[in-house]
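Structure record follows, encoded as structure tokens.
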Amino acid sequence: MTPKDAQQRLNILHFWDKHELAATMDAFGVSRRTLFRWRALLRAAGGNPAVLAAKSCTPKRARTSKIDPRLVAEIRRLRGLHPNLGKDKLRVLLAPWCAQHAIALPSSSTIGRIMARAPDKMRHAPARIDRLGRPKPLRRPTKTRKPKGLQAAPMTLWAADTIERVRDRLAAPSSPSLTPSRPSPLPWPCPAKAPATRPLLPKPSSRAWAPTLATR
């Protein structure tokens, strides 16, 4: 079975046989050098269109990490002694060890990439811990969402938001909504979330203050 990209390139070569080179280049956006290279490959393979399939673009010689394995082992050891310690604090603890072993001290970003490259992220405590080493409870408030797969007729579900406007030192909360006859937002009054009694700041005086000079 001919690959899809190889069949497309074969069609471009057939178009080139029927029309001119300039028309083929303008129609498909392929350079002259590429067209001649495809034709040479097809002739060398005896007309087999599978030879026109796109080759892998992966480099033949991939880059390898130049980080000392001893440094990675030391970072893992420190993360075991101090679970979930950040990269900036790890760099401070690594400074005397690197000086002792004649290893260049990596930057905080490099330490973060070393931890992120590890399969387990060098994380020994799955949850966040407090200053005493106890795991913090994960608190995620449940939000009401529309159930998945809910079939509803148009204009039967409504979404509303609350906007609070302050005018003359008084809060006027409203809920803008859309109606079928009015595409623009229509404010609807609603009760405020805060208590009714709000401390109001004193209104500044409009008179300008001027110093008085004592006369003898």
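The side chain to side chain donor-acceptor pair (under 3.5 Å) search around D26 returns none, not counting sequence neighbours. By the side chain to side chain donor-acceptor pair (under 3.5 Å) test, S56 pairs with T58, sequence neighbours left out. For S31, the side chain to side chain contact (heavy atoms under 4.5 Å, CB included) test picks out R33, T34, with sequence neighbours left out. Applying the side chain to side chain donor-acceptor pair (under 3.5 Å) criterion to T110, with sequence neighbours excluded, gives S107, R113. Taking the salt bridge (charged side-chain N to carboxylate O under 4.0 Å, His left out) definition, one finds that R117 meets it with nothing, sequence neighbours left out. With sequence neighbours excluded, the residues forming a side chain to side chain contact (heavy atoms under 4.5 Å, CB included) with A118 are R76, D120, M122, listed by chain and number. Taking the ring-ring contact (aromatic ring centres under 6.0 Å, His included) definition, one finds that H19 meets it with F15, sequence neighbours left out. Checked against side chain to side chain contact (heavy atoms under 4.5 Å, CB included), A54 has the following partners two or more places apart in sequence or in another chain: D5, R9. For F36, the side chain to side chain contact (heavy atoms under 4.5 Å, CB included) partners are W16, L21, R32, not counting sequence neighbours.
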Self-check item: Intermediate values then yes/no, side chain to side chain contact (heavy atoms under 4.5 Å, CB included), L78 and W97
Solution: CA-CA 11 Å; L78 291 176; W97 184 88; over 6 Å; no
Exercise. Dump the intermediate steps for side chain to side chain contact (heavy atoms under 4.5 Å, CB included) on L94 and L105, then the final yes or no.
Key: CA-CA 7 Å; L94 279 175; L105 179 63; 4.0 Å; yes
Practice problem: For L42 and L10, run side chain to side chain contact (heavy atoms under 4.5 Å, CB included): C-alpha distance rounded to whole Å, both residues' side-chain angles, the deciding distance at 0.1 Å, then the answer. | Solution: CA-CA 9 Å; L42 189 62; L10 183 62; 3.8 Å; yes
Practice problem: For H101 and L71, run side chain to side chain contact (heavy atoms under 4.5 Å, CB included): C-alpha distance rounded to whole Å, both residues' side-chain angles, the deciding distance at 0.1 Å, then the answer. | Solution: CA-CA 10 Å; H101 293 80; L71 179 62; over 6 Å; no
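Side chain of K121 to main chain of A116: a donor-acceptor pair is present (N/O by atom type, distance under 3.5 Å, no hydrogens or angles).
Listed by first and then second residue, the salt bridge (Lys or Arg N to Asp or Glu O under 4.0 Å) pairs involving residues 56-71 are D68-R70 (not counting sequence neighbours). Within the structure, salt bridge (Lys or Arg N to Asp or Glu O under 4.0 Å) contacts touching residues 86-109 (residues at least two apart or in different chains) do not occur. Residues in residues 36-45 take part in these side chain to side chain donor-acceptor pair (under 3.5 Å) pairs, two or more places apart or across chains: D17-R39.
With a 4.5 Å cut-off on side-chain heavy atoms, P106 and I67 do not count as touching. The shortest distance between side-chain heavy atoms of L81 and L93 does not fall below 4.5 Å. Considering only heavy atoms from C-beta on, T24 stays 4.5 Å or farther from V30 through its side chain.
Taking all atoms of both residues into account, the shortest heavy-atom contact from P3 to A53 is CG-CB, 4.0 Å.
Distance check, rounded to the nearest 0.5 Å: CD1 of I114 to CD of E74 gives 11.5 Å.
Transitive grouping of hydrophobic side chains (ILVMFWY, heavy atoms separated by less than 4.5 Å) brings L13 and L41 into a common cluster.
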